[in-house]
Amino acid sequence: MNIYEDILDATVVSLSKTGHFTTGKYEELLTVRTDILSVYRVSLKGRLILTHEFKFEGKISDFVVVPQRDSPLACLLLCTSVAKISVVRFDEASNSIETLSLHYYEDKFREHSILELSKESTMRIDPGKRCAILFNNDVIALLPLQTSSLNDGEEDEDMDEERPDKRQKSDNGRLTAPSAILNAKDLHQDVKNVIDVTFLRNFTRPTLAVIFENKPVWAGTSQILPLPITYMAFTLEVTSNDLYTNIKSTVIATVKELSWDFHTMIPISNGCIIVGSNEMAYIDNTGSLQSIILLNSYANTNMRKARVVDRSKSQILLHKPTIYSWSMSDQKSGTGETLLIMDHQAAFYYIPLEYEGRLLTKFDIINLPIVNDTLKNNSNATCISRLNSNFSGNYVDLFVGFRSGDASVLRLNNLKAAIESRDEHKEITSSSENDAEKFEDEDDLYSEEASDAGKENEGKEVVVETVLPFDIEVLSSLRNIAPITSLTPGKICSVDKFVEGLSNPNRNEVSLVATSGNGTGSHLTEIQMSVRPEVQLALKFISITQMWNLKIKNKDKYLITTDSNKNKSDIYLIDKNFALYKEGRFRRDATTVSISMFGGDKRIVQVTTNHLYLYDTNFKRLTTMKFEYEVVHVSVMDPYILITVSRGDIKIYELDAKHKKKLFRVELPEILREMIITSGVILRSNMCNEFLTGLENSSEEQLLFTFVSADNQIIFFPREHNDRIFQLTGVDQLNEMLYISTYSLPDEVVPDPSIKQVMINKLGNNNKEEYLTILTFGGEVYQYKKSSRRHSRFYRNTTGGDLAITGAPDNAYAKGVSSIERIMHYIPEYNGFSVILITGSVPYIIVKEDDSVPRIFKFANIPLVSLTRWGRHSVMCVDDIKNARVYTLDRSNVYYGNRLPLKKIEISDVMEDYMTLTRVTYHERSQMFIVCYSKEIEYKALGEDGEKLVGYQENTPHARGFKSGILLINPKTWNVIDKREFDDNSLINDARTMLIQLDSRTRRRKEYVIVGVAHVETEDLPPSGSLSVFDIKEVVPEPGKPDTNFKLGEVFKENIRGAVSSVCDISGRFLINQSQKVIVRDVQEDNSVVPVAFLDVPVFVTDVKSFGNFLIIGDAMQGFQFIGFDAEPYRMIPLGRSVSKLETVALEFLVNGGDIFFAVTDTKDILHIFKYAPDEPNSLSGQRLVHCTSFNLHSTNTCMVLLPKNEEFSAAEKSLSPVQVVGGQTDGSLFKLVPLREDTYRRLYVLQQQLVEKEVQLGGLNPRMERLSNEYYHLTHAVRPMLEFNVIRRFNTLSVDKRKQTAQKAGRRAHFDIWRDLVNIEFSLRSLCG
């Protein structure tokens, strides 16, 4: 009875391609982040501008771009789950993705495979786009494709037999033909243990290359079988019709006895490059092994069948996966074939390729040194895409994704010059070293070294190569916070109680802090629960409910305030320290509804509840108007003013253009007299141009008077309307697509106003795009993006990042809008962004990064009553207790493009590089953060006697060791104020702060930091570790460093036999594990630590969590145990254990009312929910924990933390506060698990079933299958699965009528209750806001 929701989207770009998917005007960049497909336009300056985003209900493991027949746009083949292919294309009419076909191979793969299938399959596509394959272990599925390039050029001769079938397929309009599934042995009887498969280039038929090993080999057995890998190439004859596909394969090339470490094939023009960790080989299309490059000291020198290029002194390691960028030669620009490879440390290598006929005359590897060390914070590249493929300049633009570090658009400047600068000079070396090289060179007929250097200076000189460094420029990047390795809640923005003399606007707020990244690029990430504005100025007023700032000559001149309770208004002079301005004839004894500059900033217009006044800039009154009914809404845009009165009438006035002293009434269309108007606004847009005479093809913005009627229609008309007005069709139902049409009055109007305010304006940072934003009386915010193809259409992003839920219709969330009115304010310049701010008891901000969809965030942590623009980049806001603050947007390393604001916090600097930050925890008493780090050092393989082990090789690359330590960090400055470093080859596995009981009689407790350490040594030595207890003591700060007021003090340290992998608090004591034991220890008043209870565990403890007197202990192989701890007498009582043998990674308690649930994740990326249910008949009185559900995650979970849960409606019992679980993952995403009441669960279960069955799913994926289909499905309660809020929140994107129809399936009052449930789940993390 729990629900799952993503609270942060994945940040790792795992896949990327270029193509024409949504437009044919320019080449797009398509990226995949786990389950999100994003489409970007790359500007001339290399900036990434998001155009579309689609969130799928399954993980995308691979994809390829395929051209369509009779269309400039391409299709995508998406590989999801274990073995599924979805063929999709972009539908311009709906602005979404259309699924053409779905190909499910998983069951067939299991039938054909003896081994268990891999979690993900790999897809390859024929360069001629004739077919695609999907392979998993030794099983291959071939999918024939019908594209526009079926019989181009050289393919004509050999494809006569296939043509009738192809034409038959083209008649039925399908892109694909029936699939064929075959085992690798069907290609050739020797093929087994397949390592990689790829298609070769420049063949008339699809030609497949396979590398496989006869017997599996790893480094330990490589001496026995040093050359186990075989390369084979097959030409495929594919014949297909509407019913089946036949495949005939012919072996055209075989190369045997290749080194055991080859893992990846790169097809190039005339052959294939096979990449290994230690070697690289080139095999041409005829199957001839022409060249081998030795990359490091471990390279296999037994492959003597080809020309050998020895680059072993470069010590290059190319681990799997190998990421590369290949481009063919271009005769027009004179550029040759280009191959760039990037290793796991983000180093670039250039592979020169030169041919004479089919003979490869130049094959080498050149390390390209980067002069500006641009990629030092990046590692483990995932994908490379060439962006300016049609450009032939002196630079190359690449998009590169990384597992650690931001995905970036890189400009490789002067790449050609750097390659051509490669120089070889001769250095004198010892004769013994050179004799060996001479011997190798004489064996090699094609050796460049032998021909150039060896003949003249035998035994005297060696060739040394140099390459000039080249410059890499980062043009733009996508923020990546992965991998998240630990999480902790802590106070950051609320450390200071007062800011600028007033209370902190983010008071009592708690942020989530995560450790992110690997190596030098590792950092802390603050996940903010609300936008934290920077306070520049603070004022306190006695009487104010609303205010305005009037600018004279672009300078803040007058501050106008009004108090609706006292019916008074005042003027303050800003430049004279807010002195009261008493001159002029300003109306002070009335409530001001609106006041603004007018007439080219030479006039001021004030509208009170019953009057309109026109002033000059010194408040000399020029014109007065009186209204019969109360004014409720005013909109001003020079030279027009629009007024809405309480009766539903509107009035529009225009300023006299000559003397600017009079206002003339604008004639309204006749039809408006029969309508009830709730609000109006004047705006500029080109959305009606195609309906206006003479402007059909113009994109120039026109002034439009816009109104919202009582029946929720939005209507427009220009100044010269000729009694013709337009409407936004579909907005009353909040349809997915809205379009402009001519308005006609309906036969019957039923006044039921729900739309309160509308805006059409541009949002963004450097690239601003036009959006329609709608605010309802229930507090909901809906947003539509204007179509770039047709300006009269607006689309809602229902399949991507739709705005978060902020309110509910039918008065379901009354307290959100009752106390302070919600009003939208457009701020065109807010520290670089164009944003929308929304006032209310919970204020919001809508902000858009260029590389993301618009996001709506909670704005600060105090109510917002009124606001006005201030200065050039700021706003002044008034809270509910009449305090005014000038805010600006915090842009220092803050990213607003994810579901929550993310702030990057660098700990390392030039002087000290702490490398990987592994753990973070928060010390509540001192309000300090403790961060563990792990540096890489040179590993020295020493025995117990301190001597080097036998077989130690000095001159070869060695493994890396670790040196760990802990840092004490002050969140006010993020400076390291103290640190403790441990010995070499030490690794901190866990560090937590705990309240430890020091005296059992007085029960006095003190907060300590407990650190568990493992010593990483050789495999011959038994494991060892240590336990350290630290206290954080307040000290006198250093001069000039006020943040150094705390220090670490070591209270206790003990070396332990056995590695310490986890620590945990339990009933005022702490628990550690020592290899296969867990021991509870008690701290005495003299700081001694005494063991009081212990328990044996099966294999190895991966995680331990406590809740009250209960413990759960996760094991690496045997699931987990549920333990009770008793202090009188000391004992540990086994209460239950999981029956399934899980390989546990992380676990946490999930308490729901009186029931105890457990959330457990394993190495297979599955989240399991167990329940302690002693009353269940099959649980053996609770000894067997009930397996409730197993839920597939799309990434690997690393940590989980228990947090309090916010209850928005029902007050929770004081004895048991509701809780929730938040987990971090290696792809940078965060999720939460929220317990549900029984009635809520049943309602949302029915709703989820309706949405899954009735709504069209992207890619044809079944959300239930993607999440619940796994090997544990038959063990769980299939009728009570985990719910997924990512699916359920689509209820918010349905049209109004469709919502009500869907909700009726769950009950008569279900529509009201469902909205309350959605709000409660959406706001569950508000508990961190104090």
Nearest heavy-atom pair of [X] and [Y]: which atoms, and what distance?
X: Cys383; Y: Ser16; value: SG-OG, 3.3 Å
X: Ile125; Y: Lys129; value: CD1-CD, 3.6 Å
X: Thr34; Y: Ser14; value: N-OG, 3.9 Å
X: His20; Y: Glu28; value: C-OE1, 3.8 Å
X: Arg386; Y: Thr18; value: O-CG2, 3.6 Å
X: Ala10; Y: Asp1227; value: CB-OD2, 3.4 Å

I'd like to know if the side chain of [X] pairs up with that of [Y] as donor and acceptor (distance under 3.5 Å, no hydrogens or angles considered).
X: Arg89; Y: Gln68; answer: yes
X: Asn202; Y: Ser269; answer: no
X: Thr1226; Y: Ser1195; answer: yes
X: Thr361; Y: Glu356; answer: no

Please tell me if the side chains of [X] and [Y] come closer than 4.5 Å, counting only heavy atoms from C-beta onward.
X: Val238; Y: Leu142; result: yes
X: Phe262; Y: Lys320; result: no
X: Leu100; Y: Cys75; result: yes
X: Ile384; Y: Leu340; result: no
X: Arg33; Y: Val12; result: no
X: Ile292; Y: Val309; result: no
X: Glu354; Y: Leu360; result: no
X: Ile274; Y: Ile211; result: yes

Subject >> Within the 6.0 Å centroid threshold, strictly below: His52 and Tyr40 >> reply: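 No - the distance between ring centres of His52 and Tyr40 does not fall below the 6.0 Å cut-off.
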
Rounded to the nearest 0.5 Å, how far apart are [atom1] of [X] and [atom2] of [Y]?
X: Thr99; Y: Leu1261; atom1: OG1; atom2: CG; result: 7.5 Å
X: Phe90; Y: Glu98; atom1: CZ; atom2: CD; result: 11.0 Å
X: Arg789; Y: Thr23; atom1: CZ; atom2: OG1; result: 6.0 Å
X: Thr22; Y: Glu92; atom1: OG1; atom2: CD; result: 8.5 Å
X: Glu257; Y: Asn302; atom1: CD; atom2: CG; result: 9.5 Å
X: Thr80; Y: Phe63; atom1: OG1; atom2: CZ; result: 13.5 Å

Any sub-3.5 Å donor-acceptor pair from [X]'s side-chain atoms to [Y]'s backbone N or O?
X: Ser1269; Y: Glu1266; value: no
X: Ser61; Y: Cys79; value: yes
X: Asp35; Y: Lys55; value: no
X: Asp107; Y: Arg110; value: no
X: Ser121; Y: Val82; value: yes
X: Thr245; Y: Pro178; value: yes
X: Ser118; Y: Glu120; value: no
X: Thr382; Y: Arg403; value: no
X: Ser113; Y: Leu115; value: yes
X: Ser86; Y: Gly1259; value: yes

Original post:
NZ of Lys108: more than 12 outside heavy atoms within 6.0 angstrom?
Top reply: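 No - once you tally the heavy atoms of other residues, nucleotides and ligands closer than 6.0 Å, there are 12 at most.
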
Original post:
Counting only heavy atoms not in Glu1253, do more than 12 fall under 6.0 Å of its CD?
Top reply: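 It does: Glu1253 CD has more than 12 such atoms within range.
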
Original post:
When the ring planes of His344 and His319 are compared, do they come out parallel, tilted or perpendicular, using 30° and 60° as the limits?
Top reply: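 Tilted.
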
Subject >> Working for side chain to side chain contact (heavy atoms under 4.5 Å, CB included), residues Arg201 and Ile268 >> reply: CA-CA 7 Å; Arg201 303 180 187 275; Ile268 58 176; 5.6 Å; no

Does the distance from a Lys or Arg side-chain N to an Asp or Glu carboxylate O, for [X] and [Y], drop under 4.0 Å?
X: Asp196; Y: Arg124; answer: yes
X: Asp138; Y: Lys192; answer: no
X: Lys119; Y: Asp1165; answer: yes
X: Glu57; Y: Arg1264; answer: no
X: Glu1271; Y: Lys1164; answer: yes

**OP:** Test Val210 against Val191 for side chain to side chain contact (heavy atoms under 4.5 Å, CB included), laying out the working first.
**Re:** CA-CA 8 Å; Val210 181; Val191 180; 4.2 Å; yes

Subject >> Audit row: Phe399, Leu48, side chain to side chain contact (heavy atoms under 4.5 Å, CB included) steps and yes/no >> reply: CA-CA 10 Å; Phe399 175 82; Leu48 294 178; 3.8 Å; yes

**OP:** Would you check, one step at a time, whether the test side-chain hydrogen bond (donor to acceptor under 3.5 Å, both in side chains) holds for Tyr105 with Ser179?
**Re:** CA-CA 9 Å; Tyr105 302 117; Ser179 302; 2.6 Å; yes

**OP:** Would you sort out whether Asn270 and Asp284 count as a side-chain hydrogen bond (donor to acceptor under 3.5 Å, both in side chains), showing the intermediate values?
**Re:** CA-CA 6 Å; Asn270 296 328; Asp284 67 13; over 6 Å; no

**OP:** Might you work through the side-chain hydrogen bond (donor to acceptor under 3.5 Å, both in side chains) test for Ser277 and Asp261, ending with a clear yes or no?
**Re:** CA-CA 6 Å; Ser277 299; Asp261 59 317; 4.6 Å; no

Subject >> Trace of the side chain to side chain contact (heavy atoms under 4.5 Å, CB included) decision for Val39 with Leu29 >> reply: CA-CA 6 Å; Val39 184; Leu29 172 68; over 6 Å; no

